Structures are given as structure tokens and as C-alpha cells.
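Scroll down for the structure; my scribbles are underneath it.
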Amino acid sequence: MAERRKQFPFDEFEPKWQGHWEKNKTFSVPNPGEAGFDASKPKYYVLDMFPYPSGAGLHVGHPEGYTATDIITRYKRMNGFNVLHPMGWDAFGLPAEQHAIKTGEHPRINTENNTNNFRRQLKSLGFAYDWEREINTTDPAYVKWTQWIFLQLYHSYFCEEENKAKPISELEAKGLSREEIDNRRLAYVAETPVNWSPDLGTVLANEEVEEWRAKGHTVERRPLKQWMLRITAYAQRLIDELEGLDWPNGIKLLQTNWIGRSDGAEVDFTIDGEKVTVFTTRPDTLFGATYMVLAPEHPLVEAITTDEQKAAVAEYQKTCAGKSDLERTELAKEKSGVFTGGFAINPVNNEKIPVWIADYVMMSYGTGAIMAVPAHDERDNEFAEKFGIDIIEAVKAPEGNEEKCFTGNGTAVNSGFLDGLPTPEAKEKIAAWLEEKGLGKKTINYKLRDWLFSRQRYWGEPFPIVWRDGNHEALPESELPLLAPELEDYKPTGTPEPLLSKATEWVDLGDGVKRETNTMPQWGGSCWYYLRYCDAQNPDAPISDEAEEYWMAKNGNPGGVDLYVGGTEHAVLHLLYARFWHKVLFDLGHVSTPEPFQKLVNQGLIMGEDGQKMSKSRGNVVNPDDVVALYGADSLRLYEMFMGPLEQVKPWSMKGVEGVFRFLARVWRLVMDSNQEGEWELSSKLAEIDPGKSTNKVVHATIKKVGDDIDAMSFNTAISQMMVCTNELTKLEQLPVSSLVTLLQVLNPFAPHLTEELNAKLAAAFDSVSGDDLAGQTWPEFDEDCLVEDEIEIVLQVNGKVRDKIMIPNEASKEEVEALAMESEKVKSFIDGLTVRKVIVVPGRLVNIVAN
RNA sequence: GCUGGCGUGGUGGAAUGGUAGACACAACAGACUUAAAAUCUGUUGGCUUUCGAGCCGUGCGGGUUCAAGUCCCGCCGCCAGUACCA
């Protein structure tokens, strides 16, 4: 790259100010009770989604959200808040373990290198983090409390009556058996079919499968004994309590749909005297049920299959078992299924209906069995048409509806005692009827499944659990943290046996007592990190009560963190898991709000210069280090905010970076001039003079707009206003120092290095300029009087079209404005020969004359 | 298919129902310079023009309104998420 002459010496003053902030701990904020804590100030907690420190280093997507929160942080500080703005590392994870497998090196080494690189990069951007609160999820002091929270879950159950978690000791006091108690824990062991990857040597969450397959790893289904967390107990609260949160509607909806509540009824059918329960959201269509479908894995299939159908059924079951859930849905274009030979009795009319098995019914949802109503369900309709099964109408569609399969609300027909009832009433009546006869009841089902919480990895938190005589037992708190032992090598075992089982000495505690060898998923550490920041060094608790009450509450909102910024990719994973853990901790009295995050903002993806997603293979990745080297940190920060609205997806443009770089250079040149020797010296235009009316106007308009725009997180328009202001100041022959200082103050949250440097230079030369860091100064106030003008421009429209613009006195009345408008020659020429019907005067804006 | 979101100059994007295109990028022209870079100034939605200006224009079609990029109805296109959840 050709050497370019720096338009301002950012490479000198940026590191200087970063060192200054670090040395003076400018952005450290004390906790209640600590020295320097100012209880009179309100708190504001601004949180970034902490990064996984990958080997690739920071990409330009990270500083997007981080700059936004940094601006808010600095702005809130200047407005008198105690601002908590921390950073840390989500450092457990598969890539570090993959590296360890390849090199034989402990994953901690690689993780540490990557973390150091990330920290260096973030510091080079001048973010106002309180680095004294830095945390790392792999740190033993942190692992200890992640394990401690797991034990809280383990030692709790969900009380249905009170709709909250309570200590397991209550069940012990009631004399429940060990098995009964273990079956109610929020953390429990169950055998379920999971996604197992032999070459990764671990199970994967459903959400992770696609990613690792794409990287060439194999993933198969197999039943394994796993640790589960009972998130389903919180399904309703996780839906309901979204209400009070200031989150994007899209994310709320995503979570609501993910949890997937559906209201319906369970209905008991009988097959050869054996009871089979189905779940339906449309019990009102019971009279239209013409067949039944069981999931291929349904336990009753074998018993009801007739001899002549045995072979076909077994064959079909075999095909289904070989498919993963994904393949099952991918190949779902065409309905398939097999008749079992059995028949079920419909409880409402005692009709005999054939029982089929088909893979469009899932064992894991509802009861794994459905009544099929082909007249009013699209899937059943498709199936019935393919296999020639009867279709009986049970709901009359409203007039004019011609759909062949009507799924909406109508009027019950062919339905015995329901006939004539509108769908909602029919639902109520049949439910009451079923309950009265003991044939069924109203039920709610959720799509949400319990959370599979164990992995067979090495690089994760070991479970603080031991096994004795086939039963699990919790370690006492005093034995935390439980750390994984060093291994000879990190290669997968090749079986579902967890990697830690290789450490036989660590596992075997004698007397047949063995350690649990599974580890927790990465989500564990990220589920509560926002709490730890509040009291990052506390050796005695995950967080002290005082710190929790101050930083996580105090303003009457359900959520504790005031602002949380990050990508959408966590909409249903991290954000759901963290809410769940938080609610458990809330129920058990460890936190004071029911929700962790009050306001959530998603930053949009930054695409490559070619409009494509940035990726190594496309070669369109932008490295922030390169941008900082060429244009400085302030330019990178400013550009990322100037690109467009934060939430929006937008492409990178190096030319755009140059644009904001030029803007910063113009600001620099307002203060500094280059002399004959090419050295920078204070501009001769600077003067301690009264700014005058027009300069005051633009400066005060800038104070107002920038403040409003930061509040609205509309950073791009704030920057354009500062550009307007700078362009105005550039035109002046003599530059009022006070106006310049104001510009530096409002620009400071965006470009902190440049503004501090220039302010320091001004302070050295002018007595009227404070030598205090801008970061510690108060946000300037704007004077409303400076914004009003004596004369304002009014647009004159005739029939909605702009015909003229006139200057009028500010205080002109509506009547005066109208009279002035009518005097316009242009207006006269356009209404010549027409009759004026109406005149609309919008004060301060326009006059519209309606004439024909 | 369903659910969200979005369609504005050559480009990124501005516009409490009230002057569409702020601010910036790119392009073109000029000043400075031996030259280049940097910097500064000007022009830049389209069409027509007698150079005064006029007409058209925010994906398409309709509607509400004195006034619509903005609100309503119906389409089309793009992006994201999700996928047989009974």
C-alpha cells in the first residue's frame, strides 16, 4: 500500500488517549459501598453481547454494535448517569477444542491467545469499557458460579400451583421418594434421541446441526442418556413476560412462535379396548374425523397392527427410523404412510375409523397421535386424497368461501349436538361434553422442548455431579469449581462416551463412586454473564445483593439491563435460555427482576463491499485492524455509525470510510493549521468572540439534534448534523472558540480521540476552555432562543403543488400569512381565472391554496 | 407454504401526513500546483426548454385527504426466520 500523508496525526494521539483512559481508569465505575460511588446519580446498564474470541479476530460486525453502545455510554455519562458498560469473553467452545485435537495443545492456550488479540483490538478502538470488570467464562472463578447456578436448578423443582421454582427440600420434607424427586428437578437426566456427531465426539443442539454438517462433519440420531433442563415448565411465563419488555416486535414474535403455544383438547379414542389419546386444536371437528394417525414410533403400533399388515408397517417404521428429523421434513413434499389394519372408535359417535401410521405425525409433540379431519386440515386432506380415505364436512364455511379444505371458523354441520354452533362455541361445548363424560379435557401444548444440556466435549464446565449406585448426587458448594483434568490428547473417543471418561483417575473416586463426565454447553456461561459484570470479582457469591439491586433494578421495569445490543442470531437461543435461568434465579430470590434485559436492539449485518455476506472464501472480509491503521479508530467508529440505521443490513464501502475520514480531517483543520515546515499549529482563525446569531443557531440546533438522535439511536442522522455544523463553521473568517468546544463535546461520544486531543490543544491556548477531559464534562444544553429565527421561509402551494417560497416574519399570524401568500405574483398567475375554495395555513411551513 | 422486514437518484441513505432526495460516496467541471496527491468551489433524479421556467417522478394498481414516500385495500419483487407442531 502506498504511503499516504496523514491528514491528521491520529496514529499519534489515538494510542495516547487510550493510554490516558487506561491509566486514569476514566471509565471504571464503582459499586455501591465502594470508594467514589455516587449514590445520587441514576444507574444505566449498557450491555454488548460478548464475543466468542475466535482465531480470526474481530470482524467489522463487532464494532458496529460496540460503537453504538459506546456512544450511548459516553452520552449517558455526560448526562449524569452511573454507567455500567463491561466487556468479557464467551470463551468455551468447539473451535478451541478442534484446535486442541489438531495440535494436542490445551484449549486454554489457544483461547488465551485469541482473547489477548480480541482485547488488543477492542482497546485500539477506544471503547469506554470498565476493564476492571472483564470476565471470561472459562476462568475457574467464573466456572465456579456457573456450576453453582446449575446446582440451584438441580436443587429446585417447579411448583405448578405457585407457578414458580421452589427448593427441592420441600419435596423431601413431604416424604417423596428419590425417584419422584429426581423426576421433578429442573435439572434432570433422561434418555432421548439426540444429534450425535461421531467425529466431533459430541451431541449437538438441533440448531447447531446444520452448521457443522456444512463443515463436513457427520451427524446422526441416536438415543442417549443426557442432562436436561426443564425450560418447558416456564413456557407460559416466557411468553407472557415478554409483554413488559422493550424488544423489537419481530424478536418477541420469534420467541412466542418458538415456544409455540396451542390451545386444544385431548380426546380419548379406543382401539380394541385400549385407550389412545390424541391432541387436537379443533375438537369441534370430531364428527369429521375419518381416520387416525399414530407416529411411527408410537408404542401402541405393534399391538394394533394386524398380521397381514405387519410386514408393511415394519418396513415403514424402518425407513422412518433411518431419517433424521431434518431429512424427514426435507422429504416431506409427498405424504406417506401405512395402514395398520387396526380401527379406533370415535367417542362422539362410536364410528370405527382406520388407524394409520405416518411420518407427518411426530412422537415428540402432543401425544404422538392425531385424529385426522381431512375436510378441515390441509395435511389430513392431502393424505386422505392420496390414500382414498373419506372426507366428511363438519364445519360450514361462511358464504363465499370456496376453499376445498376449509380451516377457518364457520358453523358446525353433520356434528350431532354441535350443529349450528359457530366454531368457538362448538369448541367450548364439545370440551365440556368430553370432560363430563370423562373422555377428554382442554389442554395446552407447547412446541418448546426441554433443553438438552450436556455435551461430550472437553472444553466446557464439568457437571458438579457424582454417580453412586446408579444415582446422581450433587457436589457440595465447597468443592466448586470442579475443573476438568489435563488430558494426554483431546481426540474424541469415537463413541458417545464423553471425552472426560479418558481421565480415569479423575473420574474414579473409589467405592464405585464416579464423576459425571459430560460437560455443559457454551450457553451455560452466557446465560448469566450480565449478572457477573455487576460484581465481577466477588469470591463469595455470583453477585452481591447490593450490586444486583443497584445495577439490575431500581427503575421499576421488569428487565434489569437497560440496553442490550447484539445480532439477531441469538433471538431464540441465548435470549431464551438467559431469560429462563434468570426466572429461576428470580423465583429462588437471587435476583430482583423477573427479566434480564429491558431494552433489546439488534444491529443489522454488515455485508461485504460486493453486497454478499462477508466470508473468507469470498475474500470480502474487512479487518478492523487495517481500517484503523489507514484511517484511525475514530474514522472506523464514525463510519460504522454513518453507514445507515443500526438495525439495517448494509454493505461496507471503503470510499465511505474515506468520506468520514475527510470529515474528521475538516474538524481537525478547524483547530489546527499546517505551517511552512509542515508542522501543526493552532489555527489563526480561532478567537474568543461571541458566536453571533447564525453560528449560534447551527451550533444549538446541532446540540439538540445530536442529543435527540442518540436517544433514538439514530446515529447516522446525528453525524450528518455534525457535518452540517462543521461545514458552516468552516466558512467563517473568525472561529468562535466556544462554538468549537460545543461541537467537540457533541462529537466526543462518536470520535473520542480526536475531540479530546483538540480540546486539550484549545485548553492550552485559551483560558475560557476547560482542560478537563471531555469524557468527564457535562453534555451541553441548547438554548431554545437560538433556534428561533426572525424570518422564516414559507412554501406556497396551489392545489398541492409548490409554486413559490416567501420569507415572512416569524410572529406573523395565520391571517397575515394568508394575505402575504395571496400577494405572490406566482400564486396570482396560477389562480388567475379560478375561484379560491379554501386556504390551508400550516404555521411555520406552508400555505396551500385550493382553487378551481 | 407461513411469519416478519424492506422496495426512494449511478451508490449508502434523509424526510412529526406538509418543499422528496438532507448528509455522504461516485461522476463531471473549475481553482491551487511544473505535475500529481491533498484541499477548496461549482454542477449532478428524468424529460422538455424561448434558460423565465414547465411537466413527470419514492416497485405496480386503486383509495382516503386541501396535501401521501408516509395512512388504507389489492398485487409484484427482494431479504431474513421457520417449516408437516395436529
Side-chain angles (χ1 to χ4, degrees), chain A residues 2 4-7 248-254 256-258 260-262 264 278-282 285 293 295 325-326 328-333 335 358-362 364-373 376-380 382-383 407 445-449 568-569 571-572 604-605 607 611 639 642-645 647-660 662-663 665-666 669 674 714 716-724 726-727 730-731 793-805 826 837-851:
Chain A
R4 73 168 48 233
R5 206 185 78 122
K6 303 251 181 345
Q7 292 191 40
N249 273 327
I251 301 287
K252 285 190 181 182
L253 210 74
L254 226 51
T256 307
N257 292 342
W258 184 265
R261 174 186 164 124
S262 50
V278 304
F279 174 72
T280 176
T281 55
R282 293 297 299 271
T285 63
V293 186
D325 277 4
L326 268 172
R328 230 162 111 166
T329 50
E330 271 163 20
L331 304 171
K333 311 277 178 276
K335 288 277 176 295
D359 66 0
Y360 81 91
V361 173
M362 312 284 140
S364 52
Y365 184 76
T367 60
I370 63 157
M371 62 170 208
V373 185
H376 305 293
D377 181 282
E378 274 165 29
R379 293 149 303 177
D380 297 346
E382 207 183 307
F383 192 88
T407 56
N445 256 305
Y446 299 93
K447 274 194 245 179
L448 186 70
R449 301 295 138 77
T568 9
E569 66 273 17
V572 287
L605 214 58
M607 311 298 267
Y639 173 63
F642 188 58
M643 293 173 83
E647 296 90 338
Q648 200 165 302
V649 178
K650 41 211 178 287
W652 185 268
S653 155
M654 267 313 177
K655 291 288 186 189
V657 183
E658 279 182 46
V660 294
R662 279 202 281 268
F663 160 64
R666 277 204 301 282
R669 287 197 307 270
S674 162
S714 174
N716 54 332
T717 50
I719 293 167
S720 72
Q721 177 64 35
M722 292 187 281
M723 288 174 168
V724 169
T726 302
N727 292 345
T730 305
K731 287 179 197 158
E793 191 186 59
I794 290 282
V795 169
L796 305 184
Q797 295 183 336
V798 177
N799 290 330
K801 289 193 177 177
V802 180
R803 295 305 180 188
D804 200 3
K805 295 167 190 179
K826 292 228 181 105
R837 302 290 175 192
K838 202 172 180 182
V839 178
I840 286 126
V841 180
V842 182
R845 287 216 174 253
L846 58 71
V847 178
N848 188 13
I849 298 154
V850 185

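The figures that follow rest on heavy atoms only: side chains count, while hydrogens, waters and symmetry mates do not. Just so it is clear, the structure is predicted and the values come from calculations on it, not from any experiment. In the text below, chain A, chain B and the rest are named by the order of the sequence lines, each starting its count at 1.
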In whole Å, what separates the [atom1] atom of [N] from that of [M]?
{"N": "B:rC71", "M": "B:rU65", "atom1": "C1'", "value": "10 Å"}
{"N": "B:rC51", "M": "B:rU39", "atom1": "P", "value": "39 Å"}
{"N": "B:rG57", "M": "B:rG46", "atom1": "P", "value": "16 Å"}
{"N": "B:rC72", "M": "B:rG7", "atom1": "P", "value": "14 Å"}
{"N": "B:rC25", "M": "B:rA20", "atom1": "P", "value": "25 Å"}
{"N": "B:rG59", "M": "B:rU49", "atom1": "P", "value": "29 Å"}
{"N": "B:rG45", "M": "B:rA14", "atom1": "C1'", "value": "15 Å"}
{"N": "B:rU3", "M": "B:rC66", "atom1": "P", "value": "35 Å"}

Angle between ring planes, A:Phe383 versus A:Tyr360, binned at 30° and 60°: parallel, tilted or perpendicular?
tilted
Please check the phosphate of B:rA86 (OP1 and OP2 only) for any side-chain N or O of A:Tyr365 closer than 4.0 Å.
yes
When the distance from [atom1] of [X] to [atom2] of [N] is rounded to whole Å, what number comes out?
{"X": "A:Asn799", "N": "B:rC55", "atom1": "CG", "atom2": "P", "result": "12 Å"}
{"X": "A:Met362", "N": "B:rU82", "atom1": "CE", "atom2": "P", "result": "17 Å"}
{"X": "A:Asp377", "N": "B:rG1", "atom1": "CG", "atom2": "P", "result": "18 Å"}
{"X": "A:Trp258", "N": "B:rU82", "atom1": "CH2", "atom2": "P", "result": "7 Å"}

Looking at the angle O4'-C1'-N9-C4 for a purine or O4'-C1'-N1-C2 for a pyrimidine, is B:rG9 syn or anti, with syn meaning within 90° of 0?
syn
What is the glycosidic conformation of B:rG81: syn, defined as within 90° of 0, or anti?
anti
For [X] and [Y], indicate whether the former's side chain and the latter's backbone hold a donor-acceptor pair under 3.5 Å.
{"X": "A:Asn716", "Y": "A:Met643", "result": "no"}
{"X": "A:Asp377", "Y": "A:Thr407", "result": "no"}
{"X": "A:Tyr639", "Y": "A:Met654", "result": "no"}
{"X": "A:Arg669", "Y": "A:Gln7", "result": "no"}

My understanding is that only residues two or more places apart in sequence, or in another chain, count here; which of them pass ring-ring contact (aromatic ring centres under 6.0 Å, His included) with A:Phe663?
none
Contacts of type ring-ring contact (aromatic ring centres under 6.0 Å, His included), residue A:Tyr446, not counting sequence neighbours
none
Nucleotide-level pairing of RNA chain B, given in dot-bracket where Watson-Crick and G-U pairs need both distances under 3.5 Å and | marks other strands
(((((((..(((.....[....))).(((((.......))))).((((....))))..(((((..]....))))))))))))....
Quick check: do A:Asn799 and A:Lys801 have side-chain heavy atoms less than 4.5 Å from each other?
no
A:Lys335 side chain, from C-beta outward: closest of B:rC84, B:rC55, B:rC40
B:rC84
Looking at every non-hydrogen atom in both residues, tell me the closest pair between A:Val847 and A:Ile794 and how far apart they are.
CG2-CG2, 3.9 Å
Set of salt bridge (charged side-chain N to carboxylate O under 4.0 Å, His left out) partners for A:Asp380, sequence neighbours left out
none
Decide if atom CD of A:Glu378 counts as having more than 12 heavy atoms of other residues, nucleotides or ligands within a radius under 6.0 Å.
no
Within the 4.0 Å heavy-atom criterion, would you say [X] contacts the bases, only the backbone, or no part of the nucleic acid?
{"X": "A:Arg837", "value": "nothing"}
{"X": "A:Arg803", "value": "sugar-phosphate"}
{"X": "A:Lys801", "value": "sugar-phosphate"}

Assign a letter to each nucleotide of nucleotides 41-52 of chain B from its 5' end: B, base within under 4.0 Å of a protein heavy atom; S, sugar-phosphate only; -, no contact.
------------
Let me have a per-nucleotide readout for nucleotides 3-25 of chain B, 5' to 3', with B, S or -, counting only protein heavy atoms under 4.0 Å.
SS-------BSSSB-BB--BBSS
Would you check if there is a donor-acceptor pair between the side chains of A:Ser364 and A:Arg449 at a distance under 3.5 Å?
yes
Identify, between A:Arg669 and A:Asn445, the residue whose nearest nucleotide on RNA chain B lies closer to the 5' end.
A:Arg669
Kindly indicate, with the supporting measurements, whether the criterion side-chain contact (heavy atoms from CB on, under 4.5 Å) is fulfilled by A:Asn848 and A:Lys838.
CA-CA 8 Å; A:Asn848 188 13; A:Lys838 202 172 180 182; over 6 Å; no
